[in-house]
Amino acid sequence: MEVVLSPQFGDRLPEGVFGVLIVRGCPNRPRAAALAGPTRAVETRLRARHATEPPDANPVGRAYAAYFKRYGQRYPVIHQVKTILGGRPIESPSALVQAMFAAEIDTLVLTSGHDLDALRGPLLVDIGRDGERYTKLNGKEHAIAPGDMVVRDAEGVIASVLYGPDYRTRLHDASQAALFGAWCPAGVSAGVARAHLEGLAALIRVEWPEAAIEAPHTLSARALRSSSGTPP
């Protein structure tokens with residue numbers, strides 16, 4: 001699956017990074033068969049890590065919080081971490097989503113999951129346009145915030161930072177392959193995004209040992225400017 005950055009993305013979000021992990025041969029199921037141990041380990045790490053430092057103080061969390069604050073919102077993953085610290089287990093009625101959620105909670109890197117077979121054509125990492133709308137995961141149409149980081153395929157927007165993945169390309173019960181995106185609009189390096197996706201790949205490997213997992217890769221606005229001759 002080809003993924004490219006638009007010039008507008010580079011101009012609007014000069015520190016922006018998008019990471020990609022593609023996995024095939026990972027038939028989804030209602031409950032994860034082998035992730036209980038790894039997810040309990042994530043919960044244990046979170047409680048040790050945040051025993052003296054609240055999740056709001058984490059540099060990755062602060063970077064996202066600053067981005068969401070521009071739009072009058074709070075970073076939802078911070079709230080999710082706090083619920084885990086309060087005793088809620090990491091679980092989901094979708095094994096693919098559980099693996100993604102565990103990795104996201106562990107690193108605070110915003111992540112979306114998509115059915116690879118539902119994606120159409122190359123992906124374009126871009127910014128939202130005035131008046132643009134898409135159908136969110138809950139099946140309701142929603143306006144995209146102009147300037148927000150979005151990704152499009154040939155049929156339209158598949159996700160945005162502020163409002164999450166779309167309904168058309170969502171992970172569902174019959175998904176057999178997935179594309180996971182690491183969304184880093186500002187203040188999160190390509191190295192952090194790549195390490196996060198490598199951790200997610202390791203969880204996928206635990207649950208689906210025979211899955212075909214491509215090496216994670218990242219695209220950055222900084223590299224886009226360098227390749228075009230624009231000063232970084």
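Numbering of residues begins at 1 and proceeds along the displayed sequence.
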**OP:** Report the residues that fulfil salt bridge (charged side-chain N to carboxylate O under 4.0 Å, His left out) with Arg205, sequence neighbours left out, ordered by chain and then residue number.
**Re:** none
**OP:** Under the side chain to side chain donor-acceptor pair (under 3.5 Å) rule, collect the residues that match up with His172, sequence neighbours excluded.
**Re:** Asp115
Subject >> Fellow cluster residues of Leu35, listed by chain then number, with links counted only when side-chain atoms sit under 4.5 Å apart >> reply: Leu203, Val206
Subject >> Partner set under salt bridge (charged side-chain N to carboxylate O under 4.0 Å, His left out) for Asp153, not counting sequence neighbours >> reply: Arg168
Subject >> Residues forming a side chain to side chain donor-acceptor pair (under 3.5 Å) with Arg49, sequence neighbours excluded >> reply: Asp106
Subject >> Partners meeting ring pair (Phe, Tyr, Trp, His ring centres under 6.0 Å) with Tyr163 (sequence neighbours left out) >> reply: His142
Subject >> side chain to side chain donor-acceptor pair (under 3.5 Å) pairs, two or more places apart, involving residues 51-65 >> reply: Asp56-Lys82
**OP:** Write down the atom of Glu15, the atom of Gly187, and the distance for their closest heavy-atom approach.
**Re:** OE1-N, 3.2 Å
Original post:
For Leu124, what are the other residues in its hydrophobic cluster, where any two members join if their side-chain heavy atoms are less than 4.5 angstrom apart?
Top reply: Val4
Original post:
Taking only residues two or more places apart in sequence or in another chain, which ones pass side chain to side chain donor-acceptor pair (under 3.5 Å) with Tyr167?
Top reply: Arg170
Subject >> All side chain to side chain donor-acceptor pair (under 3.5 Å) counterparts of Gln98, not counting sequence neighbours >> reply: none
Subject >> Non-neighbouring partners of Arg120 that pass salt bridge (charged side-chain N to carboxylate O under 4.0 Å, His left out), sequence neighbours left out >> reply: Glu155
**OP:** Kindly give the cluster partners of Leu197, where membership spreads through any ILVMFWY side chain lying under 4.5 Å from a current member.
**Re:** Leu21, Val23, Leu96, Val97, Met100, Leu171, Phe180, Leu200, Ile204, Trp208, Ile213
